[in-house]
Structures are given as C-alpha cells and as structure tokens.
Amino acid sequence: MVCLGNICRSPMAEGLLRYKIRQLNLDIETDSAGTAGYHIGSKPDRRMIETAAKFGVDISDLRGRQFKSTDFDEFDFIFAMDKENEVNIKRLASNEIEREKVKLFLMHVDYPNYDEVPDPYYGSMKDFEFVFNMLDDATDKFIEMLKK
Ligand code: 4NP
C-alpha cells in the first residue's frame, strides 16, 4: 500500500488489511510505504491513529518508510492510493512485469464513484474518517477478490 508520506492513507490501508488477514487466518504479507521520504521512521499521523482506534484498529506500531525498487521483487501487488503516486512508483520500475504490479487500489477493487483515495493531511477529522471508511470498504473488496 503506497501513498505520498506513509503516515495517513497507506498505513491505514495496511492496518486494515493486516487486521482482516489476521482475523481470517490468511497467509498474506502486507506492508506500506511512501513515495516521498519526509516521514521515514515516523508513526502514522496522530489523527489517523485516533480514527483507526475509534473503530478498533491499532496502527500505532507502524513506522514510515520510503518505497524502494527492491519492493518490486518482494510483493505481488503494489497499490497506489492516487494517480500521482502510481506514476511515481511506475517510474522506479525497471521492466514491464514490475510496472504491471502497480495498480490504483480503488480501480483494482472496482470501487464505486472514486478512483483515488483523497489525501486527508490538510483536512479535518471528518476527512480522516472518510478515508478510514473508504479503505475499510476497499480492503473488504480486495479480500473478497483474493478468496475467489
Ligand atoms: P499520506 O498523507 O500521503 O496519506 O501519508 C500525507 C502525509 C504527509 C504529507 C503529505 C501527505 N506531507 O506533505 O508531509
């Protein structure tokens, strides 16, 4: 799961996916990263931690890291939260196989009406809750796709 800073959207997506995978006892490895290096080693944004906790999901142990080209070898799916991040991840790919691993998360799960997860960083707690709900639905859809 990849966004810009790796402190709002992608740790929330990772946290939700990890929570659901554990509940279902599935053997899937998850991780998240940012295309930018502003928040390497940082906890998720306090507003994202609080929103997640309100809905029973703990993301406080996650730490920011930057996406790196070896991630193409480690992961089968690389999901971008928005189009700008999708372009910037694809720039790091060295061949077509790597480029094809990169998808817009909401497009991959066929999410209605949206193709990008909006950046809540300069927004309000309502925006964080919107992102939580969107990623909760999208991760449910992704898990249903994996099960099939
Ligand atoms: P994220 O949100 O990409 O969802 O983690 C942002 C976090 C930090 C910044 C921008 C977006 N920033 O400019 O520091």
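Ligands are counted one by one from 1 in listed order, and the atoms in each one are counted from 1 as well. The structure presented is a predicted model; accordingly, all values stated were derived computationally and were not measured.
- Every protein residue with a heavy atom nearer than 4.0 Å to ligand 1 is included here: C3, L4, G5, N6, I7, C8, R9, Y38, H39, D119, Y121, Y122.
- At a threshold of 4.0 Å, the pair D136-K20 counts as salt-bridged, since one of the basic side-chain nitrogens sits closer than that to a carboxylate oxygen.
- A salt bridge is absent between D71 and K101: the closest approach of a Lys/Arg side-chain nitrogen to an acidic carboxylate oxygen does not fall below 4.0 angstrom.
- Between R46 and E50, at least one side-chain N (NZ, or NE/NH1/NH2) sits under 4.0 Å from a carboxylate O, which counts as a salt bridge.
- The salt bridge (Lys or Arg N to Asp or Glu O under 4.0 Å) test with R18 is passed by exactly one of D31, D61, D58: D61.
- The aromatic rings of F79 and F77 sit parallel to each other, their planes meeting at less than 30°, with 60° as the upper class boundary.
- Relative to the ring axis of Y121, R47 places its NZ or CZ within 45° and under 6.0 Å from the centre.
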